[in-house]
Amino acid sequence: MALIVQKYGGTSVGNVERIKNVARRVVGTYKNGNQVVVVLSAMSGETNRLVALAHEASEFPIGREYDLVVSTGEQVTIGLLALALKEMGLKAKSFLGHQVPIVTDSQFGSARIESIDGKNIMKELDAGVIAVVAGFQGVDSEDNITTLGRGGSDTTAVALAAALKADLCEIYTDVEGVYTTDPNICQDARKLKKISYDEMLEMASLGAKVLQTRSVEFARKYNIPVMVRSSFSNADGTLVCKEDKEMEKVVVSGITYNKNEAKISVLRVPDRPGIAAKLFRPLTEAGINVDMIVQNISHDALTDLTFTVANSDYKRALKLVSETAGEIEAQDVKGDPNIAKVSIVGAGMRSHAGIASKTFEVLAGEGINIQMISTSEIKISCVVDEKYTELAVRVLHEAFGLGKEEIEEEKG
Ligand code: ADP
Ligand code: ASP
Ligand code: MG
C-alpha cells in the first residue's frame, strides 16, 4: 500500500462539477489500494477576489487579519470535496491548517512552514479515511492563522508528503506538466518528461508558477518525487526529481517570465559606504524582498541604484525608499511597475559559453531593450518592458531550439 499526496489547484476545483471530478480521481486512487491525502487550493479567482476585498478595506492590508481573510477560500473547497467523497461512499475528513497542525512562523502573507505533526492525519488514514487538507494556510505559535504566499498550496502538499513520508506527491493542475516555457503563451512549448530539482527551483523562482518555489525546496531537501500533471486528462506528467546524467546534456531547459515585479531607481545617490545598507534596511524590516539590484559606476561621487521588488510590495517599497532617499540626499526616486523579467534556465549552462551573448543578440534583433541583467551558474535574467514579454519568450524559445519541431528533427 502506498501513501500518495494529491494536490489540486484552483482551476481543478473551480466549481462543484470539477470538485466531483476530483472526487472521482481520488476514489480511483483509493480503490487501487492507496492511502490518499488530498490538498486543495481555493476555487480559481477566489483568492484574488479576497485579496481585492482586503485592499478595499485598507490601503496596505498586511498582517494577521489579511491572512485570516485570504485563507478562507480553501475552507470552502475542502468541505465540498469531503462532502462529495462521502456522497460516493468513502470516509473523508477535512482539515484546516491548525487542525493538522501545520505550524509556521509569523511572517503573515508569506509564512514558512516550521513543523507538521502528521499524527492526526495518520490516525485517519489508518482507519481508511481520506484526509482533505486546506492548502496555503498554517498556524503560528500564537494560534494565528497564517498563509504561505501565493501559490502556497503546492508547498502544503510537498511539505505534508515529507512529514508523512509519502511515496509520491502529485500536483494536479490545468496543464499536462512542466513545459519548456508557459504553454499558455507559446504553442511550441514542449512537455518535459523529467526535470531536476535544481532546474525546477530556478524555473519556479523565475516565474514558472506551475510550482511554488518553496515546494521545490522542500521536495529537494526531503527527496520527494513530485509528479506534475493535469486533472483534466490522463496524460503522463513531468517528474521533478534528482538530476541524472541525461539531464546534464541539455544546455537550456526552459524560458520563464515574471510580470509580477516592479523596478525602483534611486538616482544620483552619494556613493559612500553604508548607503546601500541604509536604503535596504527599512525594506528588510518591512518584510519586503528585493530581487535584482544594479548599481552604476559612480561619476562625481554620485551613482544610480536600481532594484526590483514584487508588484504586491511596490507601493510600500516606493514609499519607504522615498523617505530614505530624502535622508541620504539622493536626487530622485523613480518607479516602474510595467516591467517583466525574462529568464533562460539550464543546468548545462555551467559548461557552455555563449548563452548570454546569444540571448542579448536575439532580444536586440527584435528591438527589445534590456533594462537590467543578472546571471547565476544556471540562468540568465533580463528585465524588459512588460509589453515585450510574450515576444521575448517566444523568440528566445525558438532561438534556443526548445520547440517541438526542433526536437523531433533532432530525433529523426
Ligand atoms: P494551479 O491553480 O493548478 O496551482 P497555477 O496557475 O498556479 O495552477 O499554475 C499552472 C500555470 O502555470 C499554467 O496554467 C501555466 O500558464 C503556468 N506556467 C508557467 N510556466 C510554465 C511552465 N514552464 N510549464 C507549465 N506551466 C507553466
Ligand atoms: N489559493 C492560493 C492562491 O491563489 C493558494 C494556491 O492556489 O496555491 O495563491
Ligand atoms: Mg498554483
Side-chain angles (χ1 to χ4, degrees), residues 6-14 18 22 39-52 54 66-67 69-78 97 109-111 133-138 146-159 170-193 195 199-216 226-232 235 237-238 240 252-260 310 312 340-346 389-390 393 396-397 402:
Q6 297 188 330
K7 177 257 170 177
Y8 294 88
T11 318
S12 308
V13 295
R18 288 186 176 175
V22 166
V39 174
L40 297 186
S41 295
M43 291 184 183
S44 54
E46 178 60 7
T47 310
N48 285 347
R49 191 183 73 85
L50 296 165
V51 169
Y66 175 81
D67 283 28
V69 172
V70 303
S71 65
T72 55
E74 276 72 12
Q75 178 163 349
V76 175
T77 50
I78 59 167
S110 59
V133 181
F136 183 50
Q137 57 172 263
T146 56
T147 60
L148 310 179
R150 297 308 304 270
S153 300
D154 299 328
T155 302
T156 308
V158 180
E170 292 181 309
I171 304 286
Y172 284 91
T173 183
D174 54 4
V175 290
E176 288 185 352
V178 180
Y179 286 70
T180 47
T181 192
D182 185 344
N184 286 323
I185 70 161
C186 183
Q187 285 190 338
D188 249 5
R190 187 172 45 85
K191 187 166 71 182
L192 303 167
K193 276 203 173 69
I195 182 168
E199 282 175 298
M200 191 65 237
L201 203 53
E202 287 284 353
M203 296 229 343
S205 65
L206 294 169
K209 68 169 183 161
V210 63
L211 285 178
Q212 198 201 32
T213 308
R214 283 187 197 157
S215 72
V216 190
V226 175
M227 180 61 93
V228 180
R229 55 195 307 184
S230 168
S231 66
F232 301 99
T238 300
V240 188
V252 172
S253 55
I255 313 287
T256 62
Y257 66 92
N258 185 356
K259 291 183 180 180
N260 293 324
S312 52
K341 185 170 73 178
V342 176
S343 311
I344 325 285
V345 182
T389 315
E390 282 80 6
V393 168
L396 289 170
H397 191 262
L402 295 172

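Whatever order the structure lists them in is the order used to number ligands and atoms, beginning at 1.
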Checklist entry - Which residue holds the protein heavy atom closest to atom 7 (O) of ligand 2, what is that atom called, and what is the gap in Å? => result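 Nearest neighbour among protein heavy atoms for atom 7 (O) of ligand 2, to 0.1 Å: S41 OG, 3.1 Å.
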
Item to check | Identity and separation of the nearest protein heavy atom to atom 4 (O) of ligand 2 | outcome: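 Going by distance alone, atom 4 (O) of ligand 2 is nearest to R150 NH2, 2.9 Å.
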
At the 4.0 Å heavy-atom cut-off, does [X] count as touching ligand 2?
X: G135; result: no
X: E46; result: no
X: G10; result: no

Is it the side chain (CB and beyond), the backbone, both or neither of [X] that lies under 4.0 Å from ligand 1, heavy atoms counted?
X: T181; answer: backbone
X: N184; answer: side chain
X: V175; answer: side chain

Next on the checklist: Using side-chain heavy atoms (C-beta onward) and a distance below 4.5 Å, is K7 in contact with T156?
Outcome noted: no

Item to check | Any R18 side-chain heavy atom under 4.5 Å of T11 side chain | outcome: yes

Checklist entry - Is the shortest N/O to N/O distance between D154 and ligand 2 below 3.5 Å? => result no

Checklist entry - Is there a nitrogen or oxygen of F136 sitting under 3.5 Å from a nitrogen or oxygen of ligand 2? => result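 N/O-N/O distance below 3.5 Å does not exist for this pair.
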
Item to check | Ligand-residue contact atoms, ligand 2 with E74, heavy atoms, under 4.0 Å | outcome: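 Near E74, the atoms of ligand 2 are 1 (N), 2 (C), 5 (C).
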
Heteroatom proximity flag, [X] to ligand 1, N/O under 3.5 Å:
X: Y179; result: yes
X: G10; result: yes
X: K7; result: yes
X: D154; result: no

Below 4.0 Å from ligand 1: does a non-hydrogen atom of [X] turn up there or not?
X: G177; answer: yes
X: Q212; answer: no
X: P183; answer: yes

Item to check | Under 3.5 Å donor-acceptor, R214 side chain and G152 backbone | outcome: no

Checklist entry - For the side chain of E74 and the backbone of A42, is there at least one donor-acceptor N/O pair under 3.5 Å apart? => result yes

Checklist entry - At what distance, to the nearest 0.5 angstrom, does OH of Y179 lie from NE2 of H397? => result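 Reported to 0.5 Å precision, the distance equals 11.0 Å.
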
Checklist entry - Around E390, counting heavy atoms of other residues, nucleotides and ligands shown, do more than 12 lie under 6.0 Å from its CD? => result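 Yes - once you tally the heavy atoms of other residues, nucleotides and ligands closer than 6.0 Å, there are more than 12.
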
